[in-house]
Participant: 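The structure is given below, and queries will be raised subsequently.
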Amino acid sequence: MNPIRVFRYIEELDAFVITEDFKSLANYLGLSEWHSAVWVGRLFAMDNDVGEHWFDNWEERDERAAKAEELGVAYDDLMIIEPERM
């Protein structure tokens, strides 16, 4: 069995994107909500509400929007962890 990576790190943006393989798996299992990694955040934070919002980071995405466009990445696909929020 091949492992499935949840995220791909983009060093130039200091951000992650959810892999297509994981999106497909999460959709198949019915785990997708506003994005495919919500339940991973809940597990990581051990808290349903906090974990659901671990990637609420629109200000950070806005800051990286131009660079993301240059790299061909949709800025609203960027998953950025802001340590102060945790």
Side-chain angles (χ1 to χ4, degrees):
M1 173 185 251
N2 292 332
I4 293 180
R5 294 185 186 269
V6 176
F7 302 108
R8 178 173 59 90
Y9 181 66
I10 303 171
E11 188 171 351
E12 298 89 347
L13 299 171
D14 191 23
F16 299 87
V17 292
I18 300 170
T19 66
E20 291 303 317
D21 287 343
F22 185 77
K23 283 181 189 178
S24 295
L25 177 62
N27 288 333
Y28 178 77
L29 295 174
L31 298 173
S32 294
E33 291 182 37
W34 69 274
H35 66 70
S36 304
V38 166
W39 71 273
V40 176
R42 290 176 175 154
L43 231 113
F44 178 77
M46 299 289 290
D47 182 283
N48 189 48
D49 295 325
V50 172
E52 180 177 344
H53 298 286
W54 71 324
F55 283 125
D56 286 354
N57 51 27
W58 293 102
E59 297 83 20
E60 290 81 9
R61 291 180 195 192
D62 290 343
E63 293 169 3
R64 293 165 171 85
K67 183 67 174 175
E69 186 177 331
E70 286 177 26
L71 297 172
V73 178
Y75 98 106
D76 52 342
D77 285 347
L78 298 178
M79 302 281 124
I80 303 164
I81 294 178
E82 184 59 43
E84 288 79 33
R85 296 196 68 221
M86 303 304 265

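Small disclaimer: the values here were computed from a predicted structure and weren't measured.
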Participant: Would you compute the distance between atom CE of Met79 and atom CZ of Arg61 and round it to the nearest 0.5 angstrom?
Facilitator: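 The CE atom of Met79 sits 4.5 Å away from the CZ atom of Arg61.
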
Participant: For residues 6-15, which side-chain N or O atoms pair as donor and acceptor with protein atoms under 3.5 Å away, sequence neighbours left out?
Facilitator:
residue: Tyr9; atom: OH; partner: Asp14; partner atom: OD1; Å: 2.7

Participant: Looking at every heavy atom in both Val17 and Asp77, which two are closest together, and how far apart are they?
Facilitator: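 Residues Val17 and Asp77, closest heavy atoms: CG1-O, 3.7 Å.
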
Participant: Run the side-chain donor-acceptor check on residues 22-31: report pairs under 3.5 Å with partners two or more places apart or on a different chain.
Facilitator:
residue: Lys23; atom: NZ; partner: Glu20; partner atom: OE2; Å: 3.4
residue: Ser24; atom: OG; partner: Glu20; partner atom: O; Å: 3.1
residue: Asn27; atom: OD1; partner: Ser32; partner atom: OG; Å: 2.5
residue: Asn27; atom: ND2; partner: Lys23; partner atom: O; Å: 3.2

